[in-house]
Asks: 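What follows is a structure written as structure tokens; I'll ask about it next.
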Amino acid sequence: MICSLFLSAQNKTENILFDIHEKSYNAESKILDLVIIIDNNKDENFKGKLKVSTPTGFRSILGQEIFVDLQKNEKRFISLKFFVGNNADAGDAQINLILTNEFDQKIGEKTVIHQVQESSILQMTAENQQIFRDNNLDSLKIRIKVSNKGNRMQQTTLVFKIPDYSDSNHFIEQHGTLRPQQDSTFTFSFLPSKELLKQSNFTINVTGFKDPDKELFGNTRISVQSVSHTQKFQDEQQNGFASTTRNSITTSYRRVGNDLDMYQILGSGGFNVASGYIFINGNMFMMNSQTDPIINNTYISYRREKSEFTLGNISKLLELSLFGRGIEYSFLNSAKDKKIEVGFIEQSFSLLERNSFLQNGYGFYVKGILNPYNFSHNLSSIYIFKNDPYEKAKHHLLGTEFTHNFNNLWQTSSKLYGGISIYDQNGITKPSLAFESQYSGIIKKLNLNGNIFYSSDYYPGNRRGSLQIQQNVNLMVFKKHYAFANVFYSNYSPKYYFYQTQLSSDNVKMEAGLNFAKTGSIGYSFAYQYQFEKSNSYNNFLPQFQKMIYQFKRIEL
């Protein structure tokens with residue numbers, strides 16, 4: 001590509017003519033060619049220098065100083081070549097040429113203007129496309145490298161899409177500024193939710209946008225696999241229709257044995273409306289022995305700006321869990337650091353239950369969360385009401401939960417709940433309390449983690465009448481050899497006003513030992529284990545006259 005250039009008039013000093021003869025630019029090789037003419041009209045020889053000054057991103061191939069030696073009345077053409085690098089700033093670039101004599105006195109000066117075309121090239125890559133997790137207590141760290149290969153400063157936004165199987169996808173944004181030819185690493189850390197930890201693998205999607213027009217420049221996917229996780233085995237041949245994908249409908253027919261037929265239809269999908277987004281999930285099945293179909297896990301959600309409404313089957317895994325048909329509303333502020341959830345649930349398994357409304361009980365909850373997407377520092381408070389017809393009681397539960405990471409080595413989370421239960425029988429009012437705390441940390445070579453949970457006998461939450469204490473210690477004693485010790489104590493003695501038999505059990509387990517480094521593929525360990533159990537639960541299998549509290553003790557070495 002040849003580019004023309006407007007040049008200033010010729011400078012003539014001491015009968016020396018110094019001017020630009022020709023200019024051309026090859027965009028493919030990024031070479032700028034200049035032809036300089038120097039004419040010595042004097043009756044004596046001329047010796048001097050041609051000094052070259054280039055802007056950032058330009059490099060003179062012949063160097064910054066070029067010696068000139070002309071005979072009298074000699075005219076010479078000098079070819080200058082400049083390499084235009086990727087880091088040259090977009091726009092007009094000035095190249096200064098100064099001709100001096102042998103005494104370093106300026107004879108003439110020229111300025112060449114070269115217009116650098118704007119180049120906007122951004123690339124993004126994940127440092128690890130696949131991450132393996134072996135400790136569910138550790139946060140997950142995603143590192144994305146973004147390279148600005150262009151010649152102008154870029155404002156960028158990276159959007160991290162985190163799946164959440166208990167609610168909806170979370171989107172976290174990170175902003176950055178990249179200079180030309182600069183590489184920058186965006187790091188995002190979070191602690192996966194409990195529902196996400198149950199998945200053997202999941203995917204984090206990252207999308208990059210150029211600001212301010214939100215122009216897409218790249219996306220990548222990071223696959224996360226849990227080496228240590230909790231899951232239930234399921235035969236795909238027996239349960240091939242257990243999961244659904246978005247925007248799909250699946251129908252099935254099954255025959256079990258000689259006389260059991262089952263028909264099922266399930267699916268999910270979403271679509272945009274004039275103001276907001278609607279998502280529908282459904283599951284309906286019927287057997288030939290039933291008169292009414294069973295409809296569960298079926299709901300419709302409407303999302304508009306920061307608000308979301310859900311109507312249908314709702315499952316809330318709270319401290320006092322609620323399941324059934326109902327309505328839920330949630331609101332997230334613009335800063336995404338405050339969230340509130342409100343819901344009412346009537347505890348019926350199917351949407352088409354023929355039982356009278358509220359016959360199986362109902363519940364109401366309000367939950368407020370500070371920093372809901374900050375898994376290192378967050379705080380929540382919740383109030384739950386449940387009318388339980390089976391206990392013939394009305395339960396009120398108020399509590400708070402918080403998580404705080406002091407640094408990369410020490411993390412803690414705690415829960416505190418207080419409750420009041422009002423029983424219909426004799427108008428009994430029973431207060432209750434529950435407390436839980438978990439921590440993990442490292443002191444030099446000592447690894448510590450543990451938890452404690454306590455709930456009073458009539459506590460209406462999911463874990464009633466429990467005391468659990470667990471402490472784990474690991475210490476590196478030699479190179480690749482470490483000692484370990486574990487202590488666990490549990491007392492379970494819930495109480496009910498409508499059960500005649502009250503369960504009581506105690507469990508103690510202590511273990512200590514040494515793990516030695518592997519020799520080839522063989523590992524060695526030495527441990528001492530003590531276990532003690534005391535319970536009256538075995539009385540259910542014995543006649544009345546043999547009922548008593550049994551104790552078991554086991555010692556292993």
Asks: Report yes or no: do His404 and Thr412 form a side-chain donor-acceptor pair below 3.5 Å?
Replies: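 Absent: no donor and acceptor within the cut-off.
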
Asks: Can you see whether Gln264 engages Asn283 through a side-chain donor-acceptor pair at a distance of less than 3.5 angstrom?
Replies: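 Their side chains do contain a donor-acceptor pair, which is all the 3.5 Å distance test asks for.
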
Asks: Looking at residues at least two apart in the chain, or sitting in another chain, which of them share a ring pair (Phe, Tyr, Trp, His ring centres under 6.0 Å) with His175?
Replies: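 His175 satisfies ring pair (Phe, Tyr, Trp, His ring centres under 6.0 Å) with no residue once adjacent residues are dropped.
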
Asks: Whether the Asn296 and Asn313 side chains hold a donor-acceptor pair (N or O, under 3.5 Å, no angle test) is what I'd like checked.
Replies: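 No, no side-chain donor-acceptor pair sits under 3.5 Å.
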
Asks: With distance as the sole criterion, is a donor-acceptor pair present between the side chains of Gln123 and Ser147 under 3.5 Å?
Replies: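 Their side chains do not contain a donor-acceptor pair, so the 3.5 Å distance test is not met.
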
Asks: For Phe190, enumerate each residue passing the ring pair (Phe, Tyr, Trp, His ring centres under 6.0 Å) test, keeping only those at least two apart in sequence or located in another chain.
Replies: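 Phe188, Phe375.
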
Asks: Under 6.0 Å between the ring centres of Phe344 and Phe364?
Replies: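 Here the rings of Phe364 and Phe344 have centres that are no less than 6.0 Å from each other.
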
Asks: Suppose we screen for side-chain contact (heavy atoms from CB on, under 4.5 Å). Which residues come up paired with Leu398, at least two apart in sequence or across chains?
Replies: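 So Leu398 forms a side-chain contact (heavy atoms from CB on, under 4.5 Å) with Tyr383.
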
Asks: For Gln129, which residues count as a side-chain contact (heavy atoms from CB on, under 4.5 Å) partner, sequence neighbours excluded?
Replies: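 Residues passing side-chain contact (heavy atoms from CB on, under 4.5 Å) with Gln129: Ala126, Thr220.
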
Asks: Which residues pass the ring pair (Phe, Tyr, Trp, His ring centres under 6.0 Å) test with Phe349, sequence neighbours left out?
Replies: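 Listed in chain order: nothing, the list is empty.
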
Asks: Before you tell me yes or no, could you show the steps for Glu401 and Tyr417 under side chain to side chain donor-acceptor pair (under 3.5 Å), namely the whole-Å CA-CA distance, both residues' side-chain angles and the distance that decides it to 0.1 Å?
Replies: CA-CA 9 Å; Glu401 303 179 9; Tyr417 281 87; 2.6 Å; yes

Asks: With Glu127, which residues qualify under salt bridge (charged side-chain N to carboxylate O under 4.0 Å, His left out), at least two apart?
Replies: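 Glu127 satisfies salt bridge (charged side-chain N to carboxylate O under 4.0 Å, His left out) with Arg143 only.
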
Asks: Is the shortest side-chain N to carboxylate O distance from Glu341 to Lys339 below 4.0 Å?
Replies: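 Counted as a salt bridge, because a side-chain N and a carboxylate O are separated by less than 4.0 Å.
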
Asks: Who are the side-chain contact (heavy atoms from CB on, under 4.5 Å) partners of Leu448, not counting sequence neighbours?
Replies: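 Partners of Leu448 under the side-chain contact (heavy atoms from CB on, under 4.5 Å) test: Trp410, Tyr439, Ile443, Leu446, Gln471, Val473.
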
Asks: Could you pull out every donor-acceptor pair under 3.5 Å between side chains of residues 457-465 and any protein atom, sequence neighbours left out?
Replies:
from	atom 1	to	atom 2	distance (Å)
Tyr459	OH	Glu319	OE2	3.1
Asn462	OD1	Ser321	N	3.4
Asn462	ND2	Leu318	O	2.8
Asn462	ND2	Glu319	O	3.0
Asn462	ND2	Ser321	OG	3.2
Arg463	NH2	Glu436	OE1	2.8
Arg464	NE	Tyr459	O	2.9
Arg464	NH1	Glu391	OE1	3.2
Arg464	NH1	Lys495	O	3.1
Arg464	NH2	Glu391	OE1	3.3
Arg464	NH2	Glu391	OE2	2.9

Asks: Could you list the residues that satisfy side-chain contact (heavy atoms from CB on, under 4.5 Å) with Thr429, not counting sequence neighbours?
Replies: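 So Thr429 forms a side-chain contact (heavy atoms from CB on, under 4.5 Å) with Ile420, Ile422.
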
Asks: Name all residues meeting the salt bridge (charged side-chain N to carboxylate O under 4.0 Å, His left out) criterion together with Asp506; count only those two or more places apart in sequence or in a different chain, and write none if there are none.
Replies: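 For Asp506 there are no salt bridge (charged side-chain N to carboxylate O under 4.0 Å, His left out) partners, ignoring immediate neighbours.
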
Asks: What residues form a salt bridge (charged side-chain N to carboxylate O under 4.0 Å, His left out) with Lys367, not counting sequence neighbours?
Replies: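 Partners of Lys367 by the salt bridge (charged side-chain N to carboxylate O under 4.0 Å, His left out) criterion come out as none, since no residue qualifies.
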
Asks: Can a side-chain donor-acceptor contact be found between Glu346 and Ser348 if the only test is distance below 3.5 angstrom?
Replies: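 Side chains of Ser348 and Glu346: pair found under 3.5 Å.
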
Asks: For Lys145, what residues pass the salt bridge (charged side-chain N to carboxylate O under 4.0 Å, His left out) criterion, not counting sequence neighbours?
Replies: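 In terms of salt bridge (charged side-chain N to carboxylate O under 4.0 Å, His left out), with neighbours along the sequence ignored, Lys145 is linked to Asp183.
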
